[in-house]
Amino acid sequence: LSTAVGDVWECTVTPNDGDGDGGSDSASVTVISPMDGQADWLVEDTLPQPLTSTVGAVDESNDRLLIYGGRGYNALSDNLYEYDLSTQTWATITPSGTAPGALFESSSVFDDTNGTMWIFGGMEYYGLTDEVFVLDASVPSAESWTLLSATTSPEPRYGAAAAFDQTGQRMLLIGGEGYNTLYDDIWELDLTSTSSAAWTELFPNGTGPERAFGAAVYDPENEAVYLI
């Protein structure tokens, strides 16, 4: 039997070498236990279909959440949903352009500077993909998809962690699971290139973990990625 967990956890990351703020700084990590106070979860409106393994984004400029893909009870989803934070209602969006197919466990970041959502990879019905799709969500009700071509890209995979470096205008992709393998590689995608997917593989010092289905965040102050 599976158990639903509703705990809230906080991870505090503090650089501890005291003499710099660059990406090579070491860090100590403290995981704080779940809160022991009182809190209430509010269900304002339910998603049009039960889903897991979606990708999502907060579109602050348009005061909404965006949810794409995922896995339902008996099928994968190729729907794009919008949750209006002001009216607290869901709606289905049908953008123009070439849309992704049904996917789950893709990797995604959202660039609020220009209102674009970048989606890489994921599991389709019969295999994995290495495609990159860009959703222009800058104007509500006029959203559009673009499929970017690529000459070099990460191997097809799902469950890779993604982090957004706003200053560098790039998506950092870490690990993931391919066909019978876990990856420990790191790639960056140039988000200033909207005509093709401009990937570059990075080779940092040290040994990275082979990991899938984790989470990553980018710390701009210390120019570091934290992988959980």
Side-chain angles (χ1 to χ4, degrees), residues 11 13 15 20-27 29 53-60 66 68-69 98 100 103-123 128-138 145-179 181-228:
C11 179
V13 180
D21 59 0
S24 62
D25 288 354
S26 58
V29 178
S53 305
T54 62
V55 290
V58 178
D59 180 3
E60 293 186 26
L66 296 170
Y68 182 77
T98 303
L103 294 169
F104 74 99
E105 288 292 355
S106 299
S107 305
S108 176
V109 298
F110 188 83
D111 183 358
D112 199 56
T113 304
N114 52 30
T116 52
M117 183 177 184
W118 299 69
I119 298 177
F120 165 79
M123 174 73 81
L128 302 174
T129 178
D130 60 358
E131 293 177 324
V132 175
F133 288 86
V134 182
L135 174 70
D136 184 345
S138 57
W145 286 110
T146 301
L147 169 61
L148 300 186
S149 60
T151 56
T152 301
S153 67
E155 294 291 327
R157 66 189 68 190
Y158 70 136
F164 175 48
D165 174 8
Q166 184 172 23
T167 302
Q169 280 294 286
R170 59 180 179 164
M171 177 171 79
L172 296 165
L173 188 81
I174 306 169
E177 183 173 350
Y179 293 107
T181 186
L182 289 177
Y183 289 106
D184 61 359
D185 51 354
I186 301 177
W187 293 76
E188 69 172 12
L189 177 64
D190 182 356
L191 303 187
T192 64
S193 175
T194 56
S195 59
S196 62
W199 286 104
T200 302
E201 187 172 5
L202 305 180
F203 297 94
N205 295 327
T207 301
E210 295 180 343
R211 186 163 300 175
F213 314 111
V217 293
Y218 184 79
D219 177 4
E221 182 178 350
N222 295 288
E223 299 178 359
V225 176
Y226 300 107
L227 179 64
I228 302 171

Do the side chains of [Y] and [X] get nearer than 4.5 Å, heavy atoms only?
| X | Y | answer |
| --- | --- | --- |
| L189 | V132 | yes |
| T194 | V134 | no |
| Y158 | F104 | yes |
| D59 | D112 | yes |

Inset, instruction - Might you point out which heavy atoms bring A216 and I174 nearest each other, and give the distance in Å? - result: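 Here A216 and I174 meet closest at CB-CD1, 4.3 Å.
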Legend entry - ring pair (Phe, Tyr, Trp, His ring centres under 6.0 Å) partner of Y68, chosen from F133, W145, F110: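 Looking at F133, W145, F110, the match for Y68 under the ring pair (Phe, Tyr, Trp, His ring centres under 6.0 Å) is W145.
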Would you check if the side chain of [X] reaches a backbone N or O of [Y] as a donor-acceptor pair within less than 3.5 Å?
| X | Y | answer |
| --- | --- | --- |
| S108 | W118 | yes |
| D185 | W187 | no |
| Q169 | Q166 | yes |
| R157 | G175 | yes |
| S106 | G121 | yes |
| Y183 | E155 | no |

Rounded to the nearest 0.5 Å, what separation is found between the [atom1] atom of [X] and the [atom2] atom of [Y]?
| X | Y | atom1 | atom2 | result |
| --- | --- | --- | --- | --- |
| I186 | L227 | CD1 | CG | 8.5 Å |
| R170 | W199 | CZ | CH2 | 12.0 Å |
| E201 | E188 | CD | CD | 11.0 Å |

